[in-house]
Amino acid sequence: MQRGETWKEYESNPLTHSAAHYLMTIRALLQERGYARVTDIARALNITRGSCSISLKPLKKRALVIEDDNKFLQLSAEGDRLAQLVEKNDEVVEAFLRDVLGVEGEQAEIDACKIEHLLSLDTSLRLAGFLSFIQSDSKVARDFLKELAETNTGCAGDVANCPVCQESCLVPPAQGGATPRA
Ligand SMILES: [Zn+2]
Ligand SMILES: [Zn+2]
């Protein structure tokens, strides 16, 4: 693939965001109570049974979700693998955004949720490896986090003095400009 063409990869993503949440919900239900029916999934996701059934169809067709004769749902090995990958992605991206970049409050959780189904296994494992290094008790890691927290890496609201923006500041000066990290 040529540079500049990579955005088209987004369309070939193996899971939609909602499909990822269906798989994770089924996995959680199976772990918590040992079974998952359409009713249980609909309740967990706060949607109607009808729309739940419709959304499950393509997942059954792709054999990620398997329904037995009594309408109990299971994940296939591939469905379970994808659910685990998305869960892992969510966990590492949220930890990276919050603990390394200092993204505050719910924003780290919201952004991680949006990205979780898009990361490849390779990127996910590298990010997890980076995090486990950064969270280790190594002096280099501790110094790095300390130095990063003390450096102003926010938008200055004035492009001539901004460490992050290039052509114009993404945060208008009216909104307070510099946002040093806590
Ligand atoms: Zn999500
Ligand atoms: Zn800026």
Side-chain angles (χ1 to χ4, degrees), residues 7 9-32 36 38 40-48 51-60 62 64-65 73 75-76 78-128 131 147-182:
W7 66 273
E9 269 288 296
Y10 187 87
E11 306 295 336
S12 64
N13 194 56
L15 285 180
T16 64
H17 188 219
S18 105
H21 276 267
Y22 277 84
L23 295 182
M24 290 193 288
T25 301
I26 295 171
R27 189 160 192 276
L29 286 167
L30 291 171
Q31 281 180 336
E32 282 162 24
V38 171
D40 308 311
I41 301 163
R43 193 175 300 136
L45 290 172
N46 200 19
I47 51 171
T48 65
S51 72
C52 185
S53 293
I54 293 168
S55 299
L56 283 168
K57 262 191 196 132
L59 295 174
K60 288 195 233 167
R62 286 173 61 195
L64 297 174
V65 172
L73 300 161
L75 293 178
S76 65
E78 179 63 2
D80 191 62
R81 192 189 68 84
L82 286 172
Q84 285 188 59
L85 173 62
V86 177
E87 279 169 21
K88 181 79 183 160
N89 286 347
D90 184 69
E91 193 184 301
V92 293
V93 172
E94 187 180 332
F96 176 74
L97 296 177
R98 194 188 49 232
D99 302 340
V100 180
L101 299 189
V103 176
E104 286 177 23
E106 269 196 336
Q107 198 60 54
E109 193 181 328
I110 291 169
D111 285 355
C113 180
K114 289 181 184 169
I115 302 169
E116 66 197 359
H117 64 299
L118 299 173
L119 295 188
S120 66
L121 178 62
D122 186 46
T123 298
S124 179
L125 293 176
R126 282 168 195 273
L127 194 53
L131 271 179
E147 182 98 19
L148 182 67
E150 285 165 3
T151 308
N152 180 15
T153 49
C155 175
D158 159 24
V159 78
N161 299 305
C162 187
V164 287
C165 303
Q166 284 176 346
E167 290 177 24
S168 59
C169 267
L170 299 173
V171 177
Q175 284 185 19
T179 49
R181 288 152 40 95

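Atoms within a ligand are numbered from 1 in the order they appear, just like the ligands themselves. Here the structure is a predicted model, which means the values were calculated and not measured.
Across all their heavy atoms, Leu15 and His117 have their closest contact at O-CD2, 3.3 Å. Here the shortest heavy-atom pairing between Cys162 and Gly154 reads SG-O, 4.4 Å. When all heavy atoms of Ala83 and Leu75 are compared, the pair lying nearest together is CB-CD1, 4.3 Å.
Note on Glu116: its N/O/S atom closest to the Zn ion (ligand 1) is OE2. Closest N/O/S atom of His17 to the Zn ion (ligand 1): NE2.
Here Asp90 does not reach the Zn ion (ligand 1): none of its N/O/S atoms is less than 2.8 Å from the metal. With 2.8 Å as the limit, His21 counts as an N, O or S neighbour of the Zn ion (ligand 1).
For the pair His17 (side chain) and Cys113 (backbone), a donor-acceptor distance under 3.5 Å is present.
Residues Leu148 and Val100 meet the side-chain proximity criterion, which asks for heavy atoms closer than 4.5 Å.
Here the Zn ion (ligand 2) is the vertex; the SG atom in Cys162 and the SG atom in Cys169 give an angle of 110° (to 10°).
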